[in-house]
Amino acid sequence: MERLVKSIQDRSLRLSVLGSGYVGLPTAALFADAGFSVEAVDVRREVVDAVNSCVSPVREPGLQELVERNVLAGRLKSSLNSQVDLRKSDAVIISVQTPIYKSKKPNLSFLKKALKEVGRGCHEGILVVVSSTIPPGTMANLVKPTLEALTGLRVESDFYLAYVPERIAPGRALQEFVESPRLVGGIGPNSTRVASELFKAVCKNVIETDATVAEVAKLAENTFRDVNIAFANQLALICEHYGIDVKKVIKLANTHPRVAIHNPGPGVGGPCLPKDPYLLISGVKSSRRDLVRTARRINDSMPSHVVEMALLALKDAGKEVRNVKVTVLGTAYKADVADSRLSPANPIIRRLLRLGIKVTAYDPYCQESFGAEMARDLHCAVRDSDCIIVVTDHAEFKKVDLKLLRSEFKEKPIIIDARRVFDPNIAKTFGFKYYGLGYGFTN
Ligand code: SAJ
């Protein structure tokens with residue numbers, strides 16, 4: 001163990017990172033930048049080729065420079081899984097996806113495949129870290145027995161095994177990787193010690209715990225956020241009922257020193273929040289998970305609510321659905337990222353299209369249109385439009401000059417503001433019918 005610790009301190013440790021996606025590639029690049037020799041491994045040849053030619057296949061602020069600098073310095077290289085010999089690595093970080101099936105049950109097939117590969121290269125003294133988000137108990141009941149069975153080695157005495165969940169949000173990945181406190185949960189104290197030493201080379205604050213606590217804590221963070229947003233969404237519907245503004249309500253409630261309600265929106269998207277609550281509850285009986293499931297159901301119902309708002313508004317304006325054009329602003333799942341994974345724009349656009357509505361989408365960062373026509377800029381997007389639906393709160397949308405834009409629209413234009421980016425009074429002044437999520441006023 002001391003040899004491994006020393007190789008971390010003098011940076012002679014050779015690290016492999018399995019999975020070069022949104023989490024794996026920043027991980028590999030940051031460890032390379034800290035002075036380690038790092039191999040970023042992936043099954044996709046285009047990813048491997050891109051990294052080796054100094055191009056980051058993941059769009060994330062600062063990552064391109066980091067990849068380029070470290071590939072040129074010879075500290076970072078990328079390889080296909082089939083080319084990797086983990087026997088040459090002193091440590092491996094597993095950073096593969098753990099999606100859920102349609103049934104909402106965890107799909108651990110990518111992790112199991114990675115474990116097989118690690119099992120082949122596992123040798124005495126190696127440190128194996130899992131960074132993928134996993135259901136509670138996976139380290140103790142799947143990862144540990146699988147690796148021990150494949151290698152004949154014992155965790156803690158022959159090799160080291162820890163769970164170190166990632167906490168990085170797209171758009172701020174590099175900064176958060178370094179600055180957010182990092183949980184390090186070893187299978188035992190030796191594993192915790194070496195994993196902790198490794199992550200201290202990059203992360204400013206490392207908190208030691210055990211593997212199962214770290215697994216539940218990681219899932220608890222995202223589930224808490226999902227439940228909080230579900231509450232904000234339900235509050236928005238309550239405020240619509242009472243004809244008051246949820247923004248004012250939340251602002252006032254949050255002046256209480258122990259209250260911090262999140263923002264309502266058109267739905268919860270992205271790679272984590274729609275899935276992690278299901279990982280948290282996957283192994284427990286139904287009487288112990290109803291809050292989490294209800295929150296998921298509320299958040300999943302928000303796209304439908306937004307479409308209903310639009311249909312009512314069109315009806316009120318006397319517009320026939322088969323003759324209207326609706327513009328969706330934002331296909332990214334959240335503000336200022338080029339990432340449309342599980343974006344609420346998807347169910348909103350697809351439902352509008354199914355109703356026979358002509359839909360145009362515009363997003364300053366994302367090319368994904370979910371079947372709508374994609375406009376190249378805002379003015380093209382709203383030209384001859386009857387209604388805009390704000391799905392993503394990109395900074396660009398908050399700065400929109402409604403006065404300037406007004407002439408592009410057809411008569412009696414409608415704004416469905418599901419992110420509350422516009423001032424309702426300004427919108428009304430320039431002739432828009434304004435409907436905001438949780439804004440319980442009719443025009
Ligand atoms: N959203 C709301 N209202 C809010 C906040 C967010 O509707 O008040 C929506 C967003 O628009 C988006 C979704 O929720 O559609 C998820 O966005 P998010 O800001 O919660 O962030 P993610 O999914 O990009 O990242 C989360 C983060 N977790 C927490 O903040 C607890 C991040 O730190 C994790 O690293 C990441 O999940 C992950 O990978 O697990």
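Quick caveat: nothing in here was measured; it's all calculated off a predicted structure. All ligand and atom numbering here is 1-based and tracks the order in the structure. FYI, side chains are in, hydrogens and waters are out, and symmetry mates aren't considered; it's all heavy atoms of this structure.
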Query - Ligand-side contact atoms (ligand 1) for residue partner E166, heavy atom cut-off under 4.0 Å - result: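 The atoms of ligand 1 under 4.0 Å from a heavy atom of E166 are 35 (O), 38 (C), 39 (O), 40 (O).
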Query - K325 with D386: basic N within carboxylate O range, under 4.0 Å - result: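 A salt bridge is absent here (no side-chain N lies under 4.0 Å from a carboxylate O).
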Query raised in the report: Does a side-chain N-to-carboxylate-O contact under 4.0 Å join E308 and R351?
Result: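 Salt bridge: yes.
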Query raised in the report: Taking atom types as modelled and ignoring hydrogens, do the side chains of E208 and T192 form a donor-acceptor contact shorter than 3.5 angstrom?
Result: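 The criterion, which ignores hydrogens and geometry beyond distance, is not satisfied for T192 and E208.
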Query - P99 and F110, any side-chain heavy atoms less than 4.5 Å apart - result: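 The answer is yes; the side chains approach within 4.5 Å.
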Requested in this report: State whether the shortest distance between N or O atoms of E221 and N or O atoms of ligand 1 falls below 3.5 angstrom.
Outcome: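 It does not: no N or O of E221 is found under 3.5 Å from an N or O of ligand 1.
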Query raised in the report: Say you draw a straight line from CD1 of I187 to CG of D210; how long is it, rounded to the nearest 0.5 Å?
Result: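 Answer for the CD1-CG pair, I187 versus D210, is 8.5 Å.
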Query - Identity and separation of the nearest protein heavy atom to atom 5 (C) of ligand 1 - result: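 Here the nearest protein heavy atom works out to R225 NH2, 3.3 Å.
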Query raised in the report: Within 45° of the ring axis of F177 and under 6.0 Å from its six-membered ring centre, is that where the NZ or CZ of R182 lies?
Result: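 Cation-pi check for R182 and F177: passes.
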Requested in this report: Compute the shortest N/O to N/O distance between R419 and ligand 1 and return yes if it is under 3.5 Å, no if not.
Outcome: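 There is such a contact, yes.
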Requested in this report: From atom 32 (C) of ligand 1, work out which of A169, G330, P266, G267 has a heavy atom at the shortest distance.
Outcome: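 It is A169 whose heavy atom sits nearest to atom 32 (C) of ligand 1.
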Report task. Report the nearest protein non-hydrogen atom to atom 15 (O) of ligand 1: residue, atom name, distance rounded to 0.1 Å. Result ->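 Checking every protein heavy atom, the shortest distance to atom 15 (O) of ligand 1 gives Y333 O, 2.8 Å.
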Query raised in the report: Does any N/O atom on T133 come nearer than 3.5 Å to any N/O atom on ligand 1?
Result: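 No - when backbone and side-chain N and O of T133 are compared with those of ligand 1, no distance drops under 3.5 Å.
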Query raised in the report: Which residue holds the protein heavy atom closest to atom 31 (C) of ligand 1, what is that atom called, and what is the gap in Å?
Result: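 Sorting protein heavy atoms by distance from atom 31 (C) of ligand 1 puts N222 OD1, 3.2 Å first.
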Query raised in the report: What distance separates N254 CG from I261 CD1, expressed to the nearest 0.5 Å?
Result: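 The distance works out to 5.0 Å.
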Query raised in the report: With a 6.0 Å cut-off on ring centres, are F432 and F422 close enough?
Result: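 Between F422 and F432, which both carry aromatic rings, the centre distance is not below 6.0 Å.
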Query raised in the report: At a 4.0 Å cut-off, with the gap strictly under it, does some heavy atom of L273 reach an atom of ligand 1?
Result: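 Within the 4.0 Å threshold, so yes.
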Query - Contact atoms of ligand 1, heavy-atom distance to H262 under 4.0 Å - result: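 That gives atoms 8 (O) of ligand 1.
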Query raised in the report: Does the N or O separation between G269 and ligand 1 drop below 3.5 Å for any pair?
Result: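 In this structure, G269 places an N or O atom under 3.5 Å from an N or O of ligand 1.
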Requested in this report: Could you tell me whether R341 sits above the aromatic face of Y22, with NZ or CZ closer than 6.0 angstrom to the six-membered ring centre and within 45 degrees of the axis?
Outcome: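 Yes.
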Requested in this report: Give the residue and atom name of whichever protein heavy atom lies nearest to atom 21 (O) of ligand 1, and the separation in Å to one decimal.
Outcome: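 The protein heavy atom lying closest is K334 NZ, 3.5 Å.
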Query raised in the report: Which heavy atom of the protein is the closest neighbour of atom 33 (O) of ligand 1, given with residue, atom name and distance?
Result: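 Protein heavy atom with the smallest distance to atom 33 (O) of ligand 1: R167 O, 3.3 Å.
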Query raised in the report: Pick one: which of L342, D226, T98, L219 meets side chain to side chain contact (heavy atoms under 4.5 Å, CB included) with K275?
Result: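 Going through L342, D226, T98, L219 one by one, the side chain to side chain contact (heavy atoms under 4.5 Å, CB included) with K275 is satisfied by T98 alone.
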Requested in this report: Select the closest option to atom 8 (O) of ligand 1 among I168, N299, N263, judged by heavy-atom distance.
Outcome: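 Looking at heavy atoms only, N263 sits closest to atom 8 (O) of ligand 1.
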**Report entry** Numbered atoms of ligand 1 (with element) below 4.0 Å of P170, judged on heavy atoms
**Finding:**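 Taking each heavy atom of P170 in turn, ligand 1 has 24 (O) under 4.0 Å.
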Query raised in the report: Is there a nitrogen or oxygen of C272 sitting under 3.5 Å from a nitrogen or oxygen of ligand 1?
Result: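 No, C272 has no N/O under 3.5 Å of an N/O on ligand 1.
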Query raised in the report: In the protein, which heavy atom is nearest to atom 6 (C) of ligand 1, and how far is it?
Result: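 Atom 6 (C) of ligand 1 sits closest to the protein heavy atom I229 CD1, 3.5 Å.
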Query raised in the report: Between the main-chain N or O of T331 and the side-chain N or O of S343, is there a donor-acceptor pair closer than 3.5 Å?
Result: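 Yes, because the side chain of S343 sits within donor-acceptor range (under 3.5 Å) of the backbone of T331.
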